[in-house]
Amino acid sequence: MTTTTACRSCGSSDRRVVLSFGDTPLSDVLLTAEQLQVPEARYPLELMVCEDCALVQLRDSVDPVVLYGGHYPYYSSVSPGLVAHFEACAEQLRIARGLGPDSLVVEAASNDGVLLRPFADAGIPVLGIDPAHGPAAAAEAAGVPTMVDYFGLPVAERLAAAGRRADLLLGANVLNLVDDPNDFAAATARLLTDDGVAVLEVPYVADTVDQGAFDNVFHQNVTYWSATSAADLFARHGLALVDAERIETFGGSLRLSIARHGVVSPRLDALLGDERARGVDTFDYFAGFAARTAATREALVDLLRSARANGARIAAYGAAGGMATTLLSYAGIDSALIDYAVDRNPHKHGWFTAGSHLEIHPPDRLVDDPPDLLLLCAWNYEREVLAQQHAFRAAGGRVVVPIPHPRIV
Ligand SMILES: [Zn+2]
């Protein structure tokens with residue numbers, strides 16, 4: 001683990017701590033019963049904002065080998081919704097950019113090639129870049145040529161030297177995961193053709209703050225972007241942020257368009273003005289978020305403790321997800337308060353959650369051994385889970401939705 005001493009984007013030392021979660025386990029780690037006896041690795045999770053360029057970022061960097069277990073660095077093609085989104089997006093981009101057989105579409109962190117496949121199917125040359133061997137092999141098998149490597153300046157230099165520059169560079173949920181955004185931006189500048197465009201999706205920090213979604217903060221997510229901070233990063237590399245579209249991915253994201261030159265679109269102009277007006281580039285904006293986060297924690301712990309004191313049995317839904325690790329660790333909720341966890345993913349059954357040490361069971365357990373309360377860690381899927389758990393609720397079970405402020409439904 002390394003601790004940064006200056007802004008990851010502009011290098012300024014004028015960074016202030018917004019929110020400290022203390023030392024928390026890495027998300028996406030599950031434990032066996034034997035591992036519960038061994039002390040767990042925990043890493044500091046501290047959120048800072050740069051007062052010069054407005055970039056929100058983690059202070060510490062965990063070694064990617066530790067962070068990703070050395071095998072699965074990126075998350076791109078996990079959900080069917082995301083795949084459908086990519087397919088719709090590919091077609092839209094193909095038409096808008098006028099791409100053809102002499103073009104090149106490159107994707108950073110291309111995973112199994114799901115986003116590039118529609119371009120390849122339309123006869124447009126594509127190249128995926130991804131460090132994970134398994135997904136890269138799957139992409140190759142599906143007709144998407146893939147370099148097994150990290151997207152960054154060395155790869156961009158090699159491709160540009162070989163005359164392979166990108167008319168379109170794609171990156172979905174990757175800029176926010178890289179440790180060095182300047183290397184990513186420099187690689188983008190090197191790789192794009194003179195009139196090329198990069199289209200990058202990143203979670204939108206203002207949506208995270210507005211929703212009180214402090215559980216979006218975890219070790220893998222190194223940076224938290226606004227249009228203001230993204231414009232600043234790319235400007236330092238001779239590029240311009242020309243458009244930003246707000247989309248629903250991951251509870252609110254920005255789809256950024258970056259080019260060498262071009263005019264700022266009216267909606268980006270409006271978004272930058274909105275961020276200025278709301279102070280998204282100021283410490284005060286995030287200090288308010290930190291205060292609301294602390295209040296949420298206190299209310300949640302009070303609610304669960306008083307239910308427990310009255311003899312309630314409590315289970316947790318979605319406690320094995322990445323976001324739940326931050327929620328449970330920060331609130332100090334563990335097996336002393338919660339009897340067990342349920343999750344739909346069969347690969348997680350029989351394992352224990354990191355930090356909180358809850359045993360994970362199939363959701364059927366809620367019917368066979370019903371708790372009085374169900375803590376919905378996967379609160380962003382409230383509607384779906386409430387529909388699925390109709391039987392549990394019909395039998396008198398109640399659900400606690402923790403964020404933005406704890407409530408019982
Ligand atoms: Zn900065």
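Both ligands and their constituent atoms are indexed starting at 1 by order of listing. The model shown is predicted, which means the values in this text are computed figures rather than measured ones. Note that these values count all heavy atoms, side chains included, but never hydrogens, waters or copies made by symmetry.
Counted by atom type alone, Q388 and Y381 present zero donor-acceptor pairs between their side chains at under 3.5 Å. A donor-acceptor pair shorter than 3.5 Å can be found between the side chains of S27 and Q220. With no hydrogens or angles considered, no side-chain donor-acceptor pair links T249 and R255 at under 3.5 Å.
The stretch residues 208-222 participates, sequence neighbours left out, in these salt bridge (Lys or Arg N to Asp or Glu O under 4.0 Å) pairs: D210-R278.
Protein atoms that are N, O or S and lie under 2.8 Å from the Zn ion (ligand 1) are these: C7 SG, C10 SG, C50 SG, C53 SG.
H361 places no side-chain N or O within donor-acceptor distance of the main-chain N or O of Y340, the cut-off being under 3.5 Å.
A salt bridge links R407 with E382: the closest approach of a Lys/Arg side-chain nitrogen to an acidic carboxylate oxygen falls below 4.0 angstrom.
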